[in-house]
There are 2 protein chains.
Amino acid sequence: MEALKSYIRSIKPLSDNSWNILQSCFTERTFKKGELLVKEGQICQSIFFIVEGSCKSFHNLDGKEINTAFHFENDFATNIQSLTSQQPSTSSIKALEKTTVVILNKNKLLAAYSASHEIESFGRKVLELLLTRQTLHTESFKLLAPKQRFEHLVATQPDLLQRVSLTQLASYLGISRESLSRFRSAR
Amino acid sequence: MEALKSYIRSIKPLSDNSWNILQSCFTERTFKKGELLVKEGQICQSIFFIVEGSCKSFHNLDGKEINTAFHFENDFATNIQSLTSQQPSTSSIKALEKTTVVILNKNKLLAAYSASHEIESFGRKVLELLLTRQTLHTESFKLLAPKQRFEHLVATQPDLLQRVSLTQLASYLGISRESLSRFRSAR
DNA sequence: CTGATTTTGTGATTTTTGACGCAGGTATCG
DNA sequence: CGATACCTGCGTCAAAAATCACAAAATCAG
């Protein structure tokens, strides 16, 4: 909880009043390895802040898991499309290990936005950061060849290689497991 | 201007007071075909709302233009990374034809956010929409093969094919111009 | 209107990547 | 602890896409 508090403060300092309002949206919960935080087909009602552990967002394609994002400590995870449109989610989020999260309920958060301009400002800033990150990730697919995408990942997010298996990284990079294995051994 | 007003109202209705504040951020301007709205290397200070015409965001890669986004009427265009971090932009935005835009100055917009909770709420909602769109676009690179990406574009954004040349679409889809031409003629 | 530039279509060829199979190693879980 | 599932590396082969080259068509600018 302290981690979340200091993360929020780094984005947008909140008054005591706003902090109290925001806190009322929080529920802490621990997921076991392999448990689903969001299940495909269901409507996503929450944003998850990872306190400890990690999880991944993935699509099920012919029985294969195509990973679209990895989330570690001090990061948010949600299905933004399902959350905002309230349509069934086309992907799932799964704990990669025993993972403790703070759950922010959507409806409570919307009420908090209405009740506090500061909290809405915080939400706006977080979305700017997420949009920037997502945009850069998209660009890597247009500007870089598969091998370069891997090299770029090694250079900019070496931690991912430590915490996620090659098999799981492959689909995240849009590369087959075998090709990724070859790129790696060729270095 | 009426288009912008009704677009804003569809996202978040504003009080007269908020509308007046927001309007003070607006400047209307027309760009000639080929003119740059944002230039690589410079710091992006604005968000552009396309009133009439179209433009594209692109990176310069060894003299080739790699297109990362296309923007048409009633859509926003900006470089979100440069805008929010105030670092030099690594890409440019160019008018594809004679294009009229409403320019929202960054500093004025930030002031408007502070002055009006409603406007900040509008900003938050727009960012949710943009993040959703960008996330779906990224997923198309992980879930679909090149040929399928083209088919998907035809099915979901047939207008793009009408308004943008194959050559320009190719880099947007992360496909060579020749392959895209073949995919298209095979239909 | 017309020359110049850009865009597009197509073939031939090469390169890259994917798919499959299999073996050895490692982590996981009851 | 032991069975099982998972991860990784490698070889072969096939498929897909990129590259190169060139001609035709369309568009643009003066």
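Lettering of chains follows the sequences in order, A, B, ..., and the numbering in each one begins at 1. The shown structure was predicted, so the numbers you read here are calculated from the model rather than taken from an experiment.
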[N] [atom2] sits how many Å from [X] [atom1], rounded?
X: B:Leu173; N: D:dA17; atom1: CG; atom2: C1'; result: 14 Å
X: B:Arg184; N: C:dT10; atom1: CZ; atom2: C1'; result: 15 Å
X: B:Gln148; N: D:dA17; atom1: CD; atom2: P; result: 9 Å
X: A:Leu96; N: D:dC7; atom1: CG; atom2: C1'; result: 15 Å
X: B:Gln162; N: C:dT7; atom1: CD; atom2: P; result: 17 Å
X: B:Lys98; N: D:dA29; atom1: NZ; atom2: P; result: 14 Å
X: B:Phe150; N: D:dA17; atom1: CZ; atom2: C1'; result: 15 Å
X: A:Leu169; N: D:dT8; atom1: CG; atom2: C1'; result: 13 Å

Please check this pair: side chain of B:Asn67 against backbone of B:Ala69, looking for a donor-acceptor N/O pair closer than 3.5 Å.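 Checked: no pair found.
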
Non-neighbouring partners of A:Asn60 that pass side chain to side chain contact (heavy atoms under 4.5 Å, CB included), sequence neighbours left out: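 Once residues adjacent in sequence are excluded, the partners of A:Asn60 under the side chain to side chain contact (heavy atoms under 4.5 Å, CB included) criterion are A:Glu40.
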
B:Lys125 side, atom NZ; A:Thr84 side, atom OG1 - distance, nearest 0.5 Å: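 Reported to 0.5 Å precision, the distance equals 11.0 Å.
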
Between CG of A:Leu109 and CD1 of A:Ile103, what distance do you get to the nearest 0.5 Å?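 CD1 of A:Ile103 is found 13.5 Å from CG of A:Leu109.
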
From C:dG9, C:dT7, D:dT8, pick the nucleotide closest to the side chain of A:Thr167?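 From the listed options, D:dT8 comes nearest.
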
Strictly below 4.0 Å: does B:Ser185 bring a side-chain N or O up to OP1 or OP2 of C:dT10?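 For B:Ser185, the contact criterion (side-chain N or O under 4.0 Å from OP1 or OP2 of C:dT10) is met.
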
Reading nucleotides 11-20 of chain C from the 5' end, what letters show protein touch, with B for base, S for backbone sugar-phosphate only, - for no heavy atom under 4.0 Å? BB----SSBB

Would B:Lys94 and B:Glu65 count as a salt bridge (charged side-chain N to carboxylate O under 4.0 Å, His left out) if you check the C-alpha gap in whole Å, the side-chain angles of each, and the deciding distance to 0.1 Å? CA-CA 11 Å; B:Lys94 179 193 278 186; B:Glu65 296 185 351; 3.0 Å; yes

Is the cationic atom of B:Arg29 (NZ for Lys, CZ for Arg) positioned less than 6.0 Å from the six-membered ring centroid of B:Phe31 and within 45 degrees of its normal?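 Relative to the ring axis of B:Phe31, which defines the angle, B:Arg29 lies inside both limits.
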
Criterion side chain to side chain donor-acceptor pair (under 3.5 Å) against A:Ser18, the qualifying member of A:Lys12, A:Gln23, A:His117, A:Glu118: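 That would be A:Glu118; it is the only one of A:Lys12, A:Gln23, A:His117, A:Glu118 passing the side chain to side chain donor-acceptor pair (under 3.5 Å) with A:Ser18.
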
Would you classify B:Ser181 as touching base, sugar-phosphate or nothing, given that sugar-phosphate means primed atoms plus P, OP1 and OP2, and contacts are heavy atoms under 4.0 Å?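 If one applies the 4.0 Å heavy-atom cut-off, B:Ser181 turns out to touch a base.
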
